[in-house]
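Since the structure comes first, as structure tokens, the remarks are kept for the end.
Counting begins at 1 with the first residue of the sequence.
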Amino acid sequence: PGLGQSPSPNLFVFPYDWRLDNQKAAEALKEYVRLALEMHPDADGIDLVGHSNGGLVSRAYLLMPGQRARVKRLITVGTPWLGSPKPLSGLKSGNLDDMAISALAPIPAVRKMLQFSPGAHQLLPSREYFELGFRPLVEDGYDSNTNGLPNEAFDFDGFQEVIARHFLRGPAEELLN
């Protein structure tokens, strides 16, 4: 154990592609945790620290059979437990208001990428987000759902319908369930 390093590393950074399905990232995290614990056979578990979507991936990992016993603590910062309207802005315009992403890809490319990204779709506001009274998608003179009412604040079901019809492409099954 320890890859010949002395002392063995005790901080492991888990890189994953946030555009992909969170469950797939959690499955990769499971293997990563196994390898980290293999380097520290006397450890009584690990501490998981996740930021933003990393908290959602960590939660998906914890919910996998047999994984909860491997984790001593879960610490998250800025995790959108009920979803976030930020990916909605990206789906609509391609602008995520993130300088790093804007520097790497033109706004139209970001918009197209988000349309096909299950990870971004899983960040969209949940039913519970709407139950708290938030309305992240409001028509402002444009009849998005073509029902003749161009100034609606959508409930969750209306939100799902408009998002699926106008913004999502490819793997959107997780939103439509």
Side-chain angles (χ1 to χ4, degrees), residues 1-91 94 96-106 109-129 131-132 160 163-164 167-177:
L3 301 175
Q5 297 177 7
S6 181
S8 294
N10 62 6
L11 174 65
F12 300 87
V13 178
F14 175 68
Y16 70 96
D17 189 339
W18 62 270
R19 299 169 301 174
L20 302 178
D21 185 294
N22 286 338
Q23 191 60 42
K24 289 183 181 176
E27 290 166 12
L29 179 58
K30 178 181 175 182
E31 176 63 9
Y32 198 77
V33 167
R34 186 190 69 73
L35 292 171
L37 288 173
E38 189 174 290
M39 293 180 74
H40 295 277
D42 296 331
D44 62 346
I46 62 163
D47 295 331
L48 284 177
V49 179
H51 172 256
S52 190
N53 194 58
L56 299 177
V57 170
S58 297
R59 179 180 183 273
Y61 164 76
L62 281 169
L63 293 174
M64 296 172 77
Q67 301 317 298
R68 176 64 192 95
R70 294 175 174 237
V71 178
K72 292 189 302 186
R73 283 181 284 273
L74 170 64
I75 301 165
T76 66
V77 178
T79 299
W81 297 111
L82 301 180
S84 169
K86 188 172 183 177
L88 178 59
S89 174
L91 283 165
L96 286 174
D97 195 26
D98 185 311
M99 288 179 60
I101 291 176
S102 297
L104 293 173
V110 171
R111 181 175 184 268
K112 186 149 266 346
M113 178 270 301
L114 289 173
Q115 291 176 328
F116 290 92
S117 299
H121 303 171
Q122 291 167 342
L123 280 171
L124 289 168
S126 65
R127 183 176 299 280
E128 292 79 10
Y129 185 95
E131 287 173 358
L132 289 173
Q160 280 191 313
I163 293 297
F167 301 113
L168 302 183
R169 306 289 180 264
E173 302 82 24
E174 72 279 353
L175 181 68
L176 298 174
N177 287 334

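When side chains are defined from C-beta on, Pro80 counts as touching Leu56, because their heavy atoms get closer than 4.5 Å. A 4.5 Å side-chain heavy-atom check between Lys72 and Asp44 finds at least one atom pair inside the cut-off. Side-chain contact between Leu62 and Val71 is present, with heavy atoms from C-beta onward closer than 4.5 Å. Between Arg70 and Leu37, the closest side-chain pair of non-hydrogen atoms falls below 4.5 Å. Side-chain contact between Gln23 and Met64: present, with at least one pair of heavy atoms (C-beta onward) separated by less than 4.5 Å. Looking at Trp18 and Val57, their side chains never come closer than 4.5 Å, going by heavy atoms from C-beta outward. The shortest distance between side-chain heavy atoms of Arg19 and Phe116 does not fall below 4.5 Å.
Closest approach of Gly55 to Trp81, counting heavy atoms only: O-CH2, 3.7 Å. Residues Ala25 and Phe14 approach most closely at O-CZ, 3.5 Å, considering heavy atoms. What you find for Ser117 and Met113 is that their closest heavy atoms are OG-O, 2.6 Å. Nearest heavy-atom pair across Leu29 and Ser58 is CD2-CA, 4.3 Å.
Gln122 places no side-chain N or O within donor-acceptor distance of the main-chain N or O of Ala120, the cut-off being under 3.5 Å.
Partner of Leu91 under the side-chain contact (heavy atoms from CB on, under 4.5 Å) criterion, chosen from Lys86, Gln115, Arg111: Gln115.
Interatomic distance, Phe167 CZ to His121 NE2, rounded to the nearest 0.5 Å: 11.5 Å. If you take OH on Tyr32 and OH on Tyr61, they are separated by 13.0 Å, rounding to the nearest 0.5 Å.
For the pair Glu131 and Arg127, the salt-bridge criterion is not met [side-chain N within less than 4.0 Å of a carboxylate O]. Salt bridge Glu27/Lys24: absent, no basic N to carboxylate O contact under 4.0 Å.
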